[in-house]
Student: 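For reference, the structure I am asking about is given below.
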Amino acid sequence: MELLIRIYAARKVIFSAFVLYLLMMAGLLFLTTECHVSGTDCGSNAGRALRPILGYLSTGMLIDSYFPTQAFTENPLGFAVVGYLFGVQDGVRQFLPVVLLQIVLLFASGMLVYGVTSEFWPRAAKVAMLFLIFNPNVIFVTLQPREDIYFAFFICLAMAAAFSFAKSWTWSSAIICGAALGLSANFRPTGHYLIYVIPVVFLVFGAMSEQSGRVFEGLKKGVVAAAVGWILIVPWMMHLKTAGHSFSLTDYRGKYMWSSDFHAMLADYEEREVGLYEALFGAYDDRSRKVHLNTFGPERTLVLAQTIPNWSGLAPNKKLKLQYEDMMQQFGEFSASTYFFAALPNWRYFFLSGGEGELFWTMGVHDRLEEWRDENSWTFLGLKSTFIGYSVLIKILAVFGLWHLYKIRNYEGLLMFAGVLFYFMLVHIYHGSPRYRVPVESIFAILAACGLVSIRDISQGRRDGDISPPTANQGAIPTPGGTQR
């Protein structure tokens, strides 16, 4: 409730930003409208995600429309449900309503960022919102029909609810936090481990509180919040179990593909003896990784076929399960340095890459990018420099923002922001991509805004960490006893 009050108090500023945002998005939509209404998916994986809905519309069962004899188990159904409600009519794909919804959700995320930032530094709140809604990487992911923005919105909502809980200790904030993480996992499973961390985080919030009894209260409400999130992911897990997979959010095919790709990358780095410099600054040649991917997996499958009785008679899911378990046993052959050096370029892509590739997908030139680049060399250079420059600048400012949170002893913010960033850094340790960074762009926006305002204050001679109580039009909360932050 306090967050909504702060947003309402700044309604004039937010409305002005909304008008600018709407005009920008309306202009950019002209680049992509044709693919949104033509039934293609603008280079995204929307067509794949809608397969269970197309199968359901034709048969009344949750099957894969590409393989009518198989249950659909490839990914959770969050985006498919959105497609059914907004984009699929009588089996015809119309993605423009889906993208319009994503545009609304991105601005809603910006308002959440405003509310969170105004809690501890109102003067940085407007900047944080603008940093997010005008982020080039996020904008062009939003313009493609994908699950990323829905996933990012619910992660942002969970973060705002957790931050609110640290201040208010209300049941509503705790339950919203758990529900948002549960809903996010129905769009992409990547963040579902955060559900199980909620009790620990709330317990730590209690330990940081100056009031007695908060530790047990945080643990109690954290367990309930985690239970709410878990309930929301159970239906998909039960569906996978019924279809012959494990009780999890990912089927055996997805697990085997991930482990095979992971192993191929490690094998490639170890074979080429990649060092620190090449890992940090070298351009990764994906062709050598694919050689390992196309040879090692079939070799291990052949070994399994020769050692396991009646291999040919096993069900496909059973084979995938055994292949996945066998592949996981092969990771012990790599040295610790191989793991580390293989992670560095992915972290570089995750944190610093600009995301200009999403623009080229949206423009429809991704399949002839080299030709387009040669014909428009200066335009290509300008776009790439803008995207990468924005990304690097935000990260530099974010470092100052983290330092500022430490200086003002906002340990709840430090724990939550740094913790979530570290979590996504780990889960994407070998799959670095600016698109996978979208769920944490809200955190980078908050930290960068704090860093920018902190630098400005230092340059103007203001004492570092000095925060005057906000006025009402800055997002303060009027109370009978005065104004509170």
Side-chain angles (χ1 to χ4, degrees), residues 41 44-85 87-88 91 93 98 145-148 150-151 154 181-196 229-264 293 297-298 300-301 304 308 311-328 427-428 430-431 433 435-436 439:
D41 56 10
S44 71
N45 59 0
R48 182 188 68 182
L50 292 180
R51 276 157 40 187
I53 293 299
L54 297 177
Y56 182 82
L57 290 175
S58 61
T59 66
M61 296 183 293
L62 195 61
I63 62 171
D64 193 326
S65 61
Y66 282 16
F67 308 100
T69 59
Q70 299 179 14
F72 183 86
T73 60
E74 193 166 333
N75 46 260
L77 298 178
F79 185 78
V81 172
V82 171
Y84 178 74
L85 295 176
V88 180
R93 301 173 185 174
V98 175
R146 274 179 165 155
E147 73 277 4
D148 299 84
Y150 306 93
F151 178 59
F154 285 117
L181 289 177
L183 290 171
S184 75
N186 279 282
F187 286 90
R188 185 184 294 162
T190 312
H192 82 279
Y193 293 110
L194 291 172
I195 295 174
Y196 307 110
W230 189 77
I231 289 171
L232 290 175
I233 64 177
V234 163
W236 178 249
M237 297 166 73
M238 292 180 63
H239 170 71
L240 289 189
K241 184 66 175 178
T242 305
H245 298 271
S246 62
F247 189 70
S248 66
L249 289 171
T250 306
D251 62 8
Y252 284 128
R253 181 179 299 277
K255 292 179 179 179
Y256 176 63
M257 290 177 61
W258 170 84
S259 61
S260 299
D261 192 55
F262 186 5
H263 186 279
L293 184 64
R300 293 305 308 170
T301 301
L304 291 175
I308 296 179
W311 172 263
S312 60
L314 295 178
N317 291 342
K318 181 65 175 179
K319 290 182 179 179
L320 287 170
K321 177 179 183 292
L322 294 172
Q323 288 174 298
Y324 165 68
E325 293 173 347
D326 175 74
M327 188 63 71
M328 292 299 293
V427 296
H428 293 302
Y430 298 109
H431 292 82
S433 167
R435 182 165 72 90
Y436 295 153

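None of the values given here were measured: they were computed from a predicted structure.
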Student: Find out whether Leu232 and Ile195 are in side-chain contact, i.e. whether some heavy atom of one side chain is under 4.5 Å from a heavy atom of the other.
Tutor: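 No. Closest side-chain heavy atoms not under 4.5 Å.
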Student: Side chains of Val98 and Tyr150: closer than 4.5 Å at any heavy-atom pair?
Tutor: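 With C-beta onward as the side chain, the pair touches.
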Student: Within a strict 4.5 Å, meaning less than it, do heavy atoms of the Tyr436 and Arg188 side chains meet?
Tutor: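 In short, these two side chains touch, coming nearer than 4.5 Å.
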Student: Please round to the nearest 0.5 Å and tell me the distance separating atom CZ of Phe154 and atom CG of Asn186.
Tutor: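 CG of Asn186 is found 9.0 Å from CZ of Phe154.
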Student: Tell me the closest heavy-atom pair linking Tyr256 and Gln323, and the distance in Å.
Tutor: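 In this case the closest contact between Tyr256 and Gln323 is CE1-CB, 3.5 Å.
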Student: Which heavy atom of Ser259 sits nearest a heavy atom of Met328, and at what distance?
Tutor: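 Heavy atoms only, the tightest pair is CB-SD, 4.0 Å.
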Student: Report yes or no: does His239 contribute a side-chain atom to a donor-acceptor pair with the main-chain N or O of Phe72 at less than 3.5 Å?
Tutor: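 Yes, because the side chain of His239 sits within donor-acceptor range (under 3.5 Å) of the backbone of Phe72.
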Student: If I take atom CG from residue Leu181 and atom CD1 from residue Ile233, how far apart are they, to the nearest 0.5 angstrom?
Tutor: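 Atom-to-atom, Leu181:CG and Ile233:CD1 are 10.0 Å apart.
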Student: Taking the side chain as every heavy atom from C-beta outward, state whether Glu147 and Pro76 have any atom pair closer than 4.5 Å.
Tutor: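 Heavy-atom side-chain distance check fails, nothing below 4.5 Å.
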Student: Which atom pair, heavy atoms only, marks the closest approach of Thr190 to Phe151?
Tutor: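 Shortest heavy-atom contact: CB-CZ, 4.1 Å.
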Student: Is Tyr193 atom OH crowded by more than 12 heavy atoms from other residues, nucleotides or ligands, each under 6.0 Å away?
Tutor: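 No - once you tally the heavy atoms of other residues, nucleotides and ligands closer than 6.0 Å, there are 12 at most.
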Student: When you compare the side chain of Thr73 with that of Arg253, does any pair of heavy atoms fall below 4.5 Å?
Tutor: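 Answer no - side chains too far apart.
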Student: Walk me through it: do Leu240 and Leu249 pass the test side-chain contact (heavy atoms from CB on, under 4.5 Å)?
Tutor: CA-CA 7 Å; Leu240 289 189; Leu249 289 171; 5.5 Å; no
Student: Return the minimal non-hydrogen interatomic distance between Thr250 and Ser246, and the atom names on each side.
Tutor: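 Scanning both residues, the minimum pair turns out to be O-OG, 4.3 Å.
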Student: Any sub-3.5 Å donor-acceptor pair from Ser260's side-chain atoms to Met257's backbone N or O?
Tutor: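 Judged by distance alone, no pair lies under 3.5 Å.
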Student: Could you tell me if the side chain of His245 sits less than 4.5 Å from the side chain of Lys255, heavy atoms only?
Tutor: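 No, too far: nothing below the 4.5 Å cut-off.
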Student: Carefully, step by step, assess Thr301 and Trp311 under the rule side-chain contact (heavy atoms from CB on, under 4.5 Å).
Tutor: CA-CA 10 Å; Thr301 301; Trp311 172 263; 4.2 Å; yes
Student: Give me the atom names and distance for the closest heavy-atom approach of Pro189 to His192.
Tutor: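 Closest approach of Pro189 to His192, heavy atoms only: O-ND1, 2.7 Å.
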Student: Using a 4.5 Å cut-off on heavy atoms from C-beta on, say whether the side chain of Leu314 contacts that of Ile308.
Tutor: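 Ile308 vs Leu314: side chains touch.
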Student: Working to the nearest 0.5 Å, report the span between CZ of Phe79 and CZ of Arg146.
Tutor: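 If I round to the nearest 0.5 Å, the distance is 9.5 Å.
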Student: Rounded to the nearest 0.5 Å, what's the gap from CE on Met238 to NZ on Lys241? Could you check?
Tutor: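 Between atom CE of Met238 and atom NZ of Lys241 there are 11.0 Å.
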Student: State the CG-CH2 distance between Asn75 and Trp236, to the nearest 0.5 angstrom.
Tutor: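 The CG atom of Asn75 sits 6.5 Å away from the CH2 atom of Trp236.
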Student: Is the number of heavy atoms from other residues, nucleotides or ligands within 6.0 Å of CH2 (Trp230) greater than 12?
Tutor: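 Counting other residues, nucleotides and ligands, CH2 of Trp230 stays at 12 neighbours or fewer.
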Student: Determine, step by step, whether Val82 and Phe187 satisfy the side-chain contact (heavy atoms from CB on, under 4.5 Å) criterion, reporting the C-alpha distance in whole Å, the side-chain angles of both residues, the deciding distance to 0.1 Å, and the verdict.
Tutor: CA-CA 10 Å; Val82 171; Phe187 286 90; 3.8 Å; yes
